[in-house]
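Some notes on the structure that comes next.
Just the heavy atoms: all of them, side chains too, but no hydrogens, waters or symmetry mates, feed the values below. Per chain, numbering begins at 1; letters A, B, ... match sequence-line order.
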Number of protein chains: 2
Amino acid sequence: MKPKITLKDIARELEVSISTVSKALKNSEEISRDTKEKVQAFAKLYNYKPNNIAISLKNKRTKNIGVVIPDIVHHFFTTVIRGIEKYANAKGYNVIVCLSEESFDKEVINMEMLANGSIDGFIMSLSSETQQKGDFNHLKEVTDQGIPVVLFDRITNEIDCDKVIIDDELGAYMATKKFIEQGKKNIALITTDDYLSVSKARTQGYLKALKESKLGVDESKILRMPSMEMDEKGIKDFFDTHKVDAVLCVNEIFAVYSMRLAQQKGLKIPEDIAFIGFTDGLLSKYANPSLTVVSQHGEKMGEVSAMLLIDKVESEEEEETYQTKILEPTLVIRDSIFH
Amino acid sequence: MKPKITLKDIARELEVSISTVSKALKNSEEISRDTKEKVQAFAKLYNYKPNNIAISLKNKRTKNIGVVIPDIVHHFFTTVIRGIEKYANAKGYNVIVCLSEESFDKEVINMEMLANGSIDGFIMSLSSETQQKGDFNHLKEVTDQGIPVVLFDRITNEIDCDKVIIDDELGAYMATKKFIEQGKKNIALITTDDYLSVSKARTQGYLKALKESKLGVDESKILRMPSMEMDEKGIKDFFDTHKVDAVLCVNEIFAVYSMRLAQQKGLKIPEDIAFIGFTDGLLSKYANPSLTVVSQHGEKMGEVSAMLLIDKVESEEEEETYQTKILEPTLVIRDSIFH
DNA sequence: TATTAACACGAAACCGTTTTCGTAATACAT
DNA sequence: ATGTATTACGAAAACGGTTTCGTGTTAATA
């Protein structure tokens, strides 16, 4: 056991003052060549590394960023984290991940834990419960304290801060349009309740495309699930009672599961029924047939979020100007539709 | 903007000393009823929360744990993180996640960043490069400094610390045995080079089961990929040149991709060819047919790791006794084999 | 030789807490 | 009236750094 060595230790051993050691290690002009060499050699020998906590306390900067997300097992969020990590690490920041698990209370608790000095800023995506409740006081408190926040994907307009989203409406619009172009007539949508900002936007895109076409909207072809969680029975019932030849799903799990149901009914994909999902995850790529998806570019989203946050954290002036970056979704064509 | 309030602020406003405020907030017996009430009311009114960084510096405890893993997009690791989060959060700890991305250098850099006071201990799974190099000095340095480390899944015997693994050999043994019982004669293994501790153990389990049976080992039926990364061509070539009726894969991606290849050749699963993978992820569950897997119980692994680590962190005596927890793998039977 | 500038370093404050120890003021016993 | 407990609080050190400012010594200048 060789415990960490401190400035004080070096100062004692070398019989100089702590300030001299500190300056010598920073190569300050104030210190003589001799002393600097002596101190630096000693520090190197004993592998001196400054204590991050002490520096944080002094600088009031932790070089940590807090990420609060609903879930980590969903592929989309993991790619976002990867993007955040990538950018943040390159800038010398660490990432503290907290999971709200779609719970409002956990989101609040996690934010409070981190807001007391542990982090320089937040990157977050709201839990479904928070979006449902519409209570954003915990966010307001944090921004009021001058802690920068970046919201991504699941955002709210009630908080003034930087935001990063993809154009969910456009994504759904593109997908639906694709179905229409390919001659599909009965296009279903499997989504969730509108309290989830992304589901709402996607539903709008779907509706928009249908309204623009001669097909028109048939509300009965929209299945609204209570949450993003899988409900096998709900989907099964829907397929047993509705005849459709194309399905747009707000995530990939709904889509892949639906594909399996269709196959069990003996339907051919994409001839009899075609599928498009959201989120370009492993599931879509390795499904059988592979699933066409609207890619949300999670990694890019993470990078952009981290960039916005770190810019704010490191900018001296506290400008009160916020931007919303809207990323373009792209359609990744695979075997679940014609091509 | 209302910035955070400190003890000093309260002391100034109430015209008492900082120590009195500190004690009053802790309900110390030393302080009179009146003063305590006054201070506590004031603190509540201005929403005083102690600064974590200052407390960390004082206590030499951060209540942060560092998690260094090769990748976050793999389902297994995300479930482990979730398990860690769950336990750690319940104990009041935050989780700092760093990704090595299978790179030795990144692993070293991340550990060094965190080891200088940012965390109370590490939970990690080694990068493939680290296992390949066999260089564990960065781990040794950390443990030498008295920072507790828990290794999970991808471990090494060269470091004395707590470890959590599943019995990979047993898992592979169980899976192979299952194939044999079901009458499969040509059982292939798709694995990686042996430098990955888990692949090595799984290969041993596979070999053991075959040796025990009358089938015996046929080395040509083992495909060793250079890494856990997908190499579509490698697998395709293997299937084009080998006739097999059962395949054990060390991860789910290899398995799901192999299943698709088999289906493209017109083979029936599981009649003509059966599949078992490792890692019980979304992919296995939603594959078509669904994939039988050896479950690694990632979440449990995370919980156990966090428990071991926090126990060490919070124990006063620095016992030099380490344990290795070996979790039992379980076979999750799905449609890719008979049942 | 007296004055000044440059150099090299140390003392001390500070970041926000916790905690030990000392002490003034009061109450009580003798 | 004197001595002793008890109460209620404050001063100060400590955690490990950074940074400002002051100062003694030497060297250069007038």
Between [atom2] of [N] and [atom1] of [X], the distance in whole Å:
{"X": "A:N59", "N": "C:dC15", "atom1": "CG", "atom2": "C1'", "result": "9 Å"}
{"X": "A:R33", "N": "C:dC9", "atom1": "CZ", "atom2": "C1'", "result": "18 Å"}
{"X": "A:K8", "N": "D:dG16", "atom1": "NZ", "atom2": "P", "result": "7 Å"}
{"X": "B:E29", "N": "D:dT6", "atom1": "CD", "atom2": "C1'", "result": "14 Å"}
{"X": "A:K4", "N": "D:dC15", "atom1": "NZ", "atom2": "C1'", "result": "16 Å"}
{"X": "B:K26", "N": "D:dC9", "atom1": "NZ", "atom2": "P", "result": "18 Å"}
{"X": "B:N116", "N": "D:dG17", "atom1": "CG", "atom2": "P", "result": "9 Å"}
{"X": "B:I55", "N": "D:dC15", "atom1": "CD1", "atom2": "C1'", "result": "13 Å"}

Looking only at side-chain atoms of [X], point me to the closest of [options].
{"X": "B:K23", "options": "C:dA11, D:dG16, C:dT20", "value": "C:dT20"}
{"X": "B:S17", "options": "C:dG10, D:dG16, D:dA11", "value": "D:dA11"}
{"X": "A:N51", "options": "D:dG17, D:dC9, C:dT17", "value": "D:dG17"}

Would you say [atom1] of [X] has more than 12 non-hydrogen atoms from neighbouring residues, nucleotides or ligands within 6.0 angstrom?
{"X": "A:K91", "atom1": "NZ", "value": "no"}
{"X": "A:N27", "atom1": "CG", "value": "yes"}
{"X": "A:K325", "atom1": "NZ", "value": "no"}

Review point. So what does A:T6 hit on the nucleic acid, given a heavy-atom distance under 4.0 Å: a base, only sugar-phosphate, or nothing?
Key: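 Counting heavy atoms under 4.0 Å across all strands, the contact made by A:T6 is with sugar-phosphate only.
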Exercise for review: Classify the nucleic acid contact of A:S32 as base, sugar-phosphate or nothing, counting any heavy atom under 4.0 Å across all strands shown.
Suggested key: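 Sugar-phosphate, backbone atoms only, no base.
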Using a cut-off of less than 4.0 Å, is there contact between a side-chain N or O of [X] and OP1 or OP2 of [N]?
{"X": "B:Y48", "N": "C:dT17", "answer": "yes"}
{"X": "A:K60", "N": "C:dG16", "answer": "yes"}
{"X": "B:S19", "N": "D:dA11", "answer": "no"}
{"X": "A:T35", "N": "C:dC9", "answer": "yes"}

Check your understanding: Where each residue is assigned the nucleotide of DNA chain C containing its nearest heavy atom, which of A:E15 and B:T20 is assigned the position nearer the 5′ end?
Key ->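 Its nearest nucleotide lies further toward 5', so the answer is A:E15.
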Review point. Pick the nucleotide of DNA chain D nearest each of A:L7 and B:V21; which residue has the one closer to the 5' end?
Key: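 Final value for this comparison: B:V21.
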**Study point:** Which residue lies more 5' along DNA chain D, comparing B:L57 with B:E30 via nearest heavy atoms
**Key:**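 Closest to the 5' end, via its nearest nucleotide, is B:E30.
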Review point. Quick check: does any side chain N or O of A:S125 sit under 3.5 Å from a backbone N or O of A:R154, one acting as donor and the other as acceptor?
Key: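 Answer holds: yes.
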Check your understanding: Quick one: the side chain of B:K58 and the base of C:dT17, do they pair up donor-acceptor inside 3.5 Å?
Key ->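 Result: no qualifying N/O pair found.
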Check your understanding: Would B:E129 and B:S103 count as having a side-chain donor-acceptor pair, cut-off 3.5 Å?
Key ->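 Side chains of B:E129 and B:S103: no pair found under 3.5 Å.
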Check your understanding: What pair of heavy atoms forms the shortest contact from B:A43 to B:I10, and how long is it?
Key ->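 For B:A43 versus B:I10, the nearest heavy atoms are CB-CD1, 4.1 Å.
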